[in-house]
Amino acid sequence: PSCPPRRASDLQPTAAGGVISGRVVPRASKNQVQGILGDALKIRLQAPPVEGKANEALVRFLAESLDIPPRSVRLLSGETGRNKRILLAGMDAGQASTRLGISARA
């Protein structure tokens with residue numbers, strides 16, 4: 001059983017939008033935000049980590065979860081690893097944290 005995340009100290013406001021750190025777990029049974037792992041949001045995705053499929057699934061999942069267009073979700077780093085930095089363009093950290101159920105960095 002997963003509990004909703006409570007805090008991600010690495011959810012940062014920037015001029016372009018909110019930036020989150022994520023730890024992606026591919027090949028999960030379902031797409032979900034599982035919680036906080038250290039300073040990163042732990043995100044489980046059904047997609048396999050091949051040919052960018054997990055990255056595409058991550059963009060789609062976050063866009064749907066945050067109710068923003070997929071073009072507003074951009075991978076800043078971590079294309080080939082599990083640790084990612086993701087820009088949520090046009091969305092401030094407060095909005096993102098509210099929609100994801102976490103609290104932003106003070």
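- Scanning both residues, Glu51 and Glu56, for their nearest heavy atoms gives O-OE2, 4.4 Å.
- Taking all atoms of both residues into account, the shortest heavy-atom contact from Arg99 to Asp67 is NH1-O, 3.8 Å.
- With hydrophobic clusters built from ILVMFWY side chains whose heavy atoms lie under 4.5 angstrom apart, Leu45 does not share a cluster with Leu37.
- Scanning both residues, Arg44 and Ser29, for their nearest heavy atoms gives NH2-N, 4.5 Å.
- Remark: side-chain polar atoms of Lys84 are paired, donor with acceptor, to backbone N or O of Gly78 under 3.5 angstrom.
- Atoms CG and CG, from Leu62 and Leu75 in turn, are 10.0 Å apart once rounded to the nearest 0.5 Å.
- Put simply, NZ on Lys30 and CD on Gln46 are 9.5 Å apart, with the number rounded to the nearest 0.5 Å.
- Inter-residue side-chain proximity for Ser72 and Met91 is flagged as unmet; no heavy-atom pair is nearer than 4.5 Å.
- Looking only at distances, no side-chain donor or acceptor of Asn31 sits under 3.5 Å from a matching main-chain atom of Phe61.
- Put simply, the residue from Asn83, Ile86, Asn55, Leu58 that forms a side-chain contact (heavy atoms from CB on, under 4.5 Å) with Val24 is Leu58.
- Side-chain contact check for Pro26 versus Arg82: some heavy-atom pair is nearer than 4.5 Å.
- Sparse packing is recorded around CZ of Arg74, with 12 or fewer heavy atoms of other residues, nucleotides or ligands lying under 6.0 Å away.
- Across all non-hydrogen atoms, the minimal contact from Ala47 to Ala57 is CB-CB, 3.7 Å.
- Two different hydrophobic clusters hold Val33 and Val25 under the rule that ILVMFWY side chains link at heavy-atom gaps under 4.5 Å.
- Interatomic distance, OG of Ser21 versus CZ of Arg85, reported as 4.0 Å (0.5 Å rounding).
- Put simply, CD1 on Ile43 and CD on Gln32 are 11.0 Å apart, with the number rounded to the nearest 0.5 Å.
- With rounding to the nearest 0.5 angstrom, the OG atom of Ser77 is 11.0 Å from the CG atom of Leu87.
- Residues Leu66 and Ile36 fall within the same hydrophobic cluster, defined by Ile, Leu, Val, Met, Phe, Trp and Tyr side chains chained together at heavy-atom separations under 4.5 Å.
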